Novice: 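For reference, the structure I am asking about is given below.
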Amino acid sequence: VQLVESGGGLAPAGGSLRLSCAVSGFSLDDLAIGWFRQAPGKEREWVSCWSSRNVKTLYAASIQGRFTSSRDNGKNTVYLQMKSLKPEDTAVYYCAADDLGYCHAEAWRDRIYDYWGQGTQVAVSS
């Protein structure tokens, strides 16, 4: 499985960005896709978990209502749409895949994910 993130960049506070996680080597039907972020000097933080087997996508409380993760069926890609960005959203964002195939109670733990992308930088200016 290969994961490639893109779409990062600089955005003003209150602005929007859409990150992409392009997946190859595995069908999204059989994967759970997690998004994580890591700000300078901080530990990696879980953001969301999407899978086709879950009725609802799981989100961290810190981004609930502002970020949305969804799938583009035609491209085997998962997106993270980020709105109402805040300076504290500045971080390197990573997507990761769990071949268990669904988001469960431990979805926030990075150690459950089997494959990781290289990350994409997001910077939000105040």
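Computed from a prediction, not measured in an experiment: that's the story for all the values here.
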Novice: Look at the aromatic rings of Tyr93 and Phe67 and report parallel, tilted or perpendicular, splitting at 30° and 60°.
Specialist: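 Tyr93 and Phe67: tilted rings.
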Novice: What are the two closest non-hydrogen atoms of Ser52 and Arg71, and how far apart are they?
Specialist: CB-NH1, 3.8 Å
Novice: Applying side chain to side chain contact (heavy atoms under 4.5 Å, CB included), name anything that partners Arg53, two or more places apart in sequence or on another chain.
Specialist: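 By the side chain to side chain contact (heavy atoms under 4.5 Å, CB included) rule, Arg53 matches Asp30, Ser51, Tyr102.
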Novice: Do any pairs count as a side chain to side chain donor-acceptor pair (under 3.5 Å) and have a residue in residues 56-65, sequence neighbours left out, and if so which ones?
Specialist: Glu45-Ser62
Novice: Where the side chain of Ser69 meets the backbone of Leu80, is there a donor-acceptor pair that is under 3.5 Å apart?
Specialist: no
Novice: Tell me whether the count of non-hydrogen atoms from other residues, nucleotides or ligands lying under 6.0 Å of CD in Gln81 goes above 12.
Specialist: yes
Novice: So does Cys95 get a backbone contact from the side chain of Glu5, meaning a donor-acceptor N/O pair under 3.5 Å?
Specialist: yes
Novice: Any idea which heavy atoms bring Gln118 and Leu3 closest together, and the distance?
Specialist: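 Nearest pair, atom of Gln118 first, then Leu3: OE1-O, 3.7 Å.
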Novice: With a cut-off of 3.5 Å and sequence neighbours excluded, list every side-chain donor-acceptor pair involving residues 6-28.
Specialist:
| residue | atom | partner | partner atom | Å |
| --- | --- | --- | --- | --- |
| Ser27 | OG | Asp29 | N | 3.1 |

Novice: Using a 3.5 Å distance criterion without hydrogens, assess whether the side chain of Trp46 forms a donor-acceptor pair with backbone atoms of Ser48.
Specialist: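 Yes.
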Novice: Is there a side-chain contact (heavy atoms from CB on, under 4.5 Å) between Asp99 and Leu31? Walk through the geometry before answering.
Specialist: CA-CA 5 Å; Asp99 60 13; Leu31 294 173; 4.0 Å; yes
Novice: Please list, chain by chain and in numerical order, all residues satisfying side chain to side chain contact (heavy atoms under 4.5 Å, CB included) with Glu88, sequence neighbours excluded.
Specialist: Lys86
Novice: Test of understanding: with salt bridge (Lys or Arg N to Asp or Glu O under 4.0 Å), list the residues that count as partners of Asp98, not counting sequence neighbours.
Specialist: none
Novice: What's the shortest heavy-atom distance between Tyr113 and Ala32, and which atoms?
Specialist: CE2-O, 4.3 Å
Novice: Output every pair passing disulfide bond (SG atoms under 2.5 Å apart) with a member in residues 22-72, not counting sequence neighbours, ordered by first then second residue.
Specialist: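 Qualifying pairs: Cys49-Cys103.
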Novice: Ignoring hydrogens, what is the shortest heavy-atom contact between Val92 and Gly119? Give both atom names and the distance.
Specialist: CG1-CA, 3.9 Å
Novice: About how many Å separate OG1 of Thr68 and NZ of Lys83, when rounded to the nearest 0.5 Å?
Specialist: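 These two atoms lie 6.5 Å from each other.
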Novice: Side-chain heavy atoms nearer than 4.5 Å, only ILVMFWY residues, links allowed to pass through others: does that put Trp116 and Val122 together?
Specialist: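 Not linked; separate clusters.
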Novice: If you define the side chain from C-beta out and look only at heavy atoms, does anything of Arg37 sit under 4.5 Å from Asp89?
Specialist: yes
